[in-house]
Amino acid sequence: MPPEPMMPREENMSRLKDTVALVTGSSHGIGAAIATLFAREGAKVVVHGRDTAAMSAVTADIERAGGRAMQFAADVTKFADIEAMRRQIEQELGPVDVLVANAGGNPTRPGPVEQINEDDWRAAIDSNLTATFLTIKSFLPGMKERKAGSIVTISSAAARRPHPASPVPYAAAKAGIQMLTQDLAAQAGLMAYGSTASLPRRSSPSATSG
């Protein structure tokens, strides 16, 4: 079955038209769905991941349906990789207007806290919380300078409702993302609204947690 046209109605083209959206971890699942939706709404989308074949498939689907997309493989637990990605996006598409920090996963199995080994703990924290922190660290300064931008982070019900079957490192990492997002929103709000006279008509940096 051919892909559904991205922009069947004129109003869809105006929602995110001319914006640049980066969705980390968008080669599969929720991230791929977000990237596809943003492209349908008119955004220039950056598909990110580590699986080249999967990224290519998502990018090709978006382009076949009339959207615009590029792909970038980067390790979001390494700041240098994220910075290289940011610079290339800015060169090819322009500054990122919407950042969806979706990359993450659950690399550990449920079990008693005392049986969690250090490597599993670090893997969960790095792939979720550290990755989100470093991605924000790279893209936030430009949004502050432009006084415009949106950041969306992805948490989990595991961070809000502890359960014996939920891996502790994963839940802790996702809870950390929620607090990071709240602190980011408070800091960006103070920065953006400290002097309302200096704000342009575009929206100020905002942060939300999914």
Side-chain angles (χ1 to χ4, degrees), residues 19-35 38 46-50 72 74-87 89-90 95-108 110 113 116 118-163 166-194 203-210:
T19 64
V20 177
L22 165 62
V23 184
T24 65
S26 51
S27 58
H28 299 279
I30 293 174
I34 294 171
F38 279 11
V46 181
V47 178
H48 161 268
R50 289 184 289 183
F72 204 106
D75 184 345
V76 288
T77 67
K78 297 180 179 178
F79 189 63
D81 281 19
I82 302 171
E83 283 283 88
M85 175 170 63
R86 178 185 60 78
R87 287 191 292 268
I89 294 170
E90 291 175 352
V96 169
D97 300 292
V98 181
L99 168 64
V100 181
N102 171 72
N106 182 10
T108 61
V113 172
I116 298 170
E118 184 178 350
D119 288 342
D120 287 347
W121 174 270
R122 291 187 183 278
I125 298 299
D126 285 351
S127 62
N128 291 280
L129 179 55
T130 302
T132 299
F133 160 67
L134 292 177
T135 304
I136 292 171
K137 178 179 172 65
S138 178
F139 287 91
L140 180 61
M143 291 183 177
K144 283 187 173 182
E145 182 178 350
R146 297 187 300 274
K147 295 184 174 65
S150 296
I151 296 174
V152 179
T153 61
I154 307 298
S155 183
S156 169
R160 299 185 292 273
R161 294 190 295 274
H163 191 278
S166 178
V168 173
Y170 174 77
K174 290 300 187 180
I177 289 173
Q178 291 185 194
M179 291 306 302
L180 172 63
T181 305
Q182 292 172 23
D183 285 345
L184 169 62
Q187 289 186 12
L190 290 172
M191 180 280 304
Y193 296 109
S203 61
S204 59
S206 60
T208 60
S209 180

Item checked: Results of salt bridge (charged side-chain N to carboxylate O under 4.0 Å, His left out) for R122 - residues two or more places apart only -> E118
For a quick test of reading the model, state the closest non-hydrogen atom pair linking [X] to [Y] and the distance between them.
| X | Y | result |
| --- | --- | --- |
| T132 | A101 | CG2-CB, 4.0 Å |
| A124 | A173 | O-CB, 3.7 Å |
| V96 | L99 | CG1-N, 4.0 Å |
| G176 | L129 | C-CD1, 3.6 Å |
| P95 | V20 | O-CB, 3.4 Å |

Rounded to the nearest 0.5 Å, how far apart are [atom1] of [X] and [atom2] of [Y]?
| X | Y | atom1 | atom2 | answer |
| --- | --- | --- | --- | --- |
| F72 | I82 | CZ | CD1 | 10.5 Å |
| M85 | D75 | CE | CG | 10.0 Å |
| D126 | W121 | CG | CH2 | 11.5 Å |

Check: Would a 4.5 Å heavy-atom cut-off, applied to side chains only, mark L134 and V76 as touching?
Finding: no
Check: Is there side-chain contact between T153 and L184, with at least one heavy-atom pair below 4.5 Å?
Finding: no
Next item on the list: Decide side chain to side chain contact (heavy atoms under 4.5 Å, CB included) for L22 and I89; before the verdict, give the C-alpha distance in whole Å, the side-chain angles of both, and the deciding distance to 0.1 Å.
Entry: CA-CA 9 Å; L22 165 62; I89 294 170; 4.2 Å; yes
Verify, without hydrogens or angle tests, whether [X] (side chain) and [Y] (backbone) share a donor-acceptor contact under 3.5 angstrom.
| X | Y | result |
| --- | --- | --- |
| N102 | G25 | yes |
| S155 | K174 | yes |
| S26 | H48 | yes |

Next item on the list: Give a yes or no on this: more than 12 heavy atoms of other residues, nucleotides or ligands lie within 6.0 Å of atom CD of E90.
Entry: yes
Item checked: Working for side chain to side chain contact (heavy atoms under 4.5 Å, CB included), residues Y170 and N128 -> CA-CA 8 Å; Y170 174 77; N128 291 280; 4.1 Å; yes
Check: Does a salt bridge link R86 with E83, judged by any charged N lying under 4.0 Å from a carboxylate O?
Finding: yes
Margin query: Please evaluate residues L180 and I136 with respect to the criterion side chain to side chain contact (heavy atoms under 4.5 Å, CB included), reporting the C-alpha separation (whole Å), side-chain torsions for both, the decisive distance (0.1 Å), and the verdict.
Written below: CA-CA 10 Å; L180 172 63; I136 292 171; 4.2 Å; yes
Next item on the list: Determine, step by step, whether I177 and I154 satisfy the side chain to side chain contact (heavy atoms under 4.5 Å, CB included) criterion, reporting the C-alpha distance in whole Å, the side-chain angles of both residues, the deciding distance to 0.1 Å, and the verdict.
Entry: CA-CA 8 Å; I177 289 173; I154 307 298; over 6 Å; no
